[in-house]
K.L.:
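Please read through the structure below; I'll follow up with questions.
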Amino acid sequence: WKQKSRILVTCPKGVSEYLKKEIESLGFPILREIDTAVQTEGTLEHAMLFNLHLRTAQRVLYQLQTFKVISPGELYKKINSIPWEALIHDSGKSAYICVTSIVENPQINDSRFVNQKVKDAIVDRIRDKRSRRPDSGADKDKAVVHVYWKNDQLIVYLDTSGERLSLRGYRKIPLLAPMQEALAAAVIMATGWHGNAAFVNPMCGSGTLAIEAALIALNRAPGFLRNNFGFMHIKDYPEEQWRDLRKKARDYSKNTLPAKIIATDIDDFAVNAARRNAKTAGVDHLIEFQTCSFENTPIPKSKGIIILNPPY
């Protein structure tokens, strides 16, 4: 948990500029930036901090090993050489593993083959060392291992997020084609808005933009509503330290907003759904909801911004 390694934080396409700023604001270096990810470095303990605070991130991937691999047989051997028994539970409620992958290799036509091969190598190693083995499957609600295999380069990660971070947990009623929470946060950041001026969101749909705006204005950690992350199912998970991180985040957040947040939609069902989602997020009392056509949205006389995400 205290061993430093490279950490790859993924994000929606085109959002890395804002993710980079978030990582830097937490005091971590930027080693590399691409269109869908930012690479930094830190420990598994730091990965917990990223999962709690990063608004524009999708997954926090802690790098375990890099290998040169040229065949499926060698893939099994290399993965099997990692001491998984020190990382993955072999008994109890966390004794479960999911394997995901991105494969760009001319020998491989289906990444599910790689997932199966990696899973076999992991559980075989744990069974040989502990005489027990974890269950496995597609669910990402416990330990998750991610592999990236391009040509002869293989990188093995612990996915410390599990389910993607844009699934904050508040959007119980998504409606049609909702904007991802991480993308919504990036759109708001792109305007330079920090909560000191009015925020107006006509065509609010399920309320994602207005809710993300409220969380930003309150300095409320976006991961605060989630009660499950991938790192919680890694051996020796420091639960007390996680509780301390959450307490510090709670103490840092505000309770009131300096300016109005207004959200409207022509569909009364959408407005009610947005209000319920905002209630789940704990910010319904801070957003003024109204059913009306977008051109009738009330606009405060003070300065502010208007953001719309029109239907297709």
K.L.:
What is the distance from atom CG of Leu245 to atom NE2 of His46, rounded to the nearest 0.5 Å?
P.N.:
9.5 Å
K.L.:
State whether Asp124 and Arg127 are salt-bridged, where the test is any N-O pair (Lys NZ or Arg NE/NH1/NH2 against Asp/Glu carboxylate O) under 4.0 Å.
P.N.:
yes
K.L.:
Are Cys98 and Lys142 close enough that some pair of their side-chain heavy atoms sits under 4.5 Å apart?
P.N.:
no
K.L.:
Indicate whether the side chain of Ser101 and that of Asn115 have a donor and an acceptor atom separated by less than 3.5 Å.
P.N.:
yes
K.L.:
Is the distance between the ring centroids of Phe50 and Phe28 under 6.0 Å?
P.N.:
yes
K.L.:
Compute whether any side-chain donor of one residue and acceptor of the other, for Gln63 and Tyr148, lie under 3.5 angstrom apart.
P.N.:
no
K.L.:
Does a sphere of radius 6.0 Å around NZ in Lys119 hold more than 12 heavy atoms from other residues, nucleotides or ligands, not counting ones at 6.0 Å or beyond?
P.N.:
yes
K.L.:
Check the pair Thr264, Asn201 against side chain to side chain donor-acceptor pair (under 3.5 Å), reporting the backbone distance first and the verdict last.
P.N.:
CA-CA 6 Å; Thr264 70; Asn201 177 212; over 6 Å; no
K.L.:
Side-chain contact test, heavy atoms from C-beta onward, threshold under 4.5 Å: evaluate it for Val200 versus Ile305 and give yes or no.
P.N.:
no
K.L.:
With side chains defined as the heavy atoms from C-beta onward, is the minimum distance between Pro202 and Ile262 less than 4.5 Å?
P.N.:
no
K.L.:
Distance from Asp267 atom CG to Cys204 atom SG, nearest 0.5 Å?
P.N.:
9.5 Å
K.L.:
Tell me whether the NZ or CZ atom of Arg246 lies within the 45° cone about the ring axis of Phe224 and under 6.0 Å from its centre.
P.N.:
yes
K.L.:
For the atom pair CZ (Arg125) and CG (Asp120), what is the distance rounded to the nearest 0.5 Å?
P.N.:
15.5 Å
K.L.:
Between the side chains of Arg55 and Glu181, is the shortest nitrogen-to-carboxylate-oxygen separation below 4.0 Å, so that they form an ion pair?
P.N.:
no
K.L.:
Taking everything shown except Asp110 itself, do over 12 heavy atoms lie less than 6.0 Å from its CG?
P.N.:
yes
K.L.:
Distance alone, cut at 3.5 Å: any donor-acceptor contact between the side chains of Asp268 and Thr291?
P.N.:
yes
K.L.:
Classify the ring geometry between Tyr237 and Trp1 as parallel (under 30°), tilted (30 to 60°) or perpendicular (over 60°).
P.N.:
tilted
K.L.:
To the nearest 0.5 Å, what is the distance between CG on Asp152 and NZ on Lys68?
P.N.:
5.0 Å
K.L.:
Would you say the ring centers of Trp242 and Phe229 fall short of 6.0 Å from each other?
P.N.:
yes
K.L.:
Which pair of non-hydrogen atoms, one from Gly42 and one from Tyr62, has the smallest distance, and what is that distance?
P.N.:
O-CE1, 3.6 Å
K.L.:
Is there a donor-acceptor pair closer than 3.5 Å between any side-chain N or O of Asn277 and the backbone N or O of Gly207?
P.N.:
no
K.L.:
Closer than 4.0 angstrom, basic N to acidic O: yes or no for Arg132 and Asp90?
P.N.:
yes
K.L.:
Can you name the closest pair of heavy atoms from Gln107 and Pro72 and give their distance?
P.N.:
OE1-CD, 3.7 Å
K.L.:
One pair to check against salt bridge (charged side-chain N to carboxylate O under 4.0 Å, His left out): Arg168 and Glu212. What are the steps and the verdict?
P.N.:
CA-CA 10 Å; Arg168 312 273 201 244; Glu212 289 295 320; 3.1 Å; yes
K.L.:
Taking all non-hydrogen atoms of both residues, which atom of Ala182 and which atom of Ser166 are closest, and how far apart?
P.N.:
N-CB, 3.7 Å
K.L.:
Using only heavy-atom distances, determine whether the side chains of Glu22 and Thr56 contain a donor-acceptor pair under 3.5 Å.
P.N.:
yes
K.L.:
So do Glu24 and Ile30 actually touch side chain to side chain, heavy atoms under 4.5 Å?
P.N.:
yes
K.L.:
Strictly under 6.0 Å, is that where the ring centroids of His233 and Tyr96 end up?
P.N.:
no
K.L.:
Do the charged groups of Glu33 and Lys20 touch, with an N to O distance under 4.0 Å?
P.N.:
yes
K.L.:
Assess the side chains of Ser16 and Asp35: does a donor N or O sit below 3.5 Å from an acceptor N or O?
P.N.:
no
K.L.:
OG1/Thr43 to NZ/Lys2 distance, rounded to the nearest 0.5 angstrom?
P.N.:
7.0 Å
K.L.:
Does the salt bridge (charged side-chain N to carboxylate O under 4.0 Å, His left out) test come out yes or no for Arg59 and Asp159, once each step is laid out?
P.N.:
CA-CA 7 Å; Arg59 300 187 185 281; Asp159 183 344; 3.3 Å; yes
K.L.:
When you compare the side chain of Trp149 with that of Ile102, does any pair of heavy atoms fall below 4.5 Å?
P.N.:
no
K.L.:
Among the clusters formed by ILVMFWY side chains lying less than 4.5 Å apart, do Leu49 and Val38 turn up in the same one?
P.N.:
yes
K.L.:
Work out which heavy atom in Leu19 is nearest to a heavy atom in Thr10; give both atom names and the distance.
P.N.:
CD2-O, 4.1 Å
K.L.:
Find out whether Leu26 and Ile23 are in side-chain contact, i.e. whether some heavy atom of one side chain is under 4.5 Å from a heavy atom of the other.
P.N.:
no
K.L.:
Taking the side chain as C-beta and beyond, is there a heavy-atom pair between Glu239 and Arg243 under 4.5 Å?
P.N.:
yes
K.L.:
To the nearest 0.5 Å, what is the distance between CZ (Arg275) and CD1 (Ile173)?
P.N.:
11.5 Å
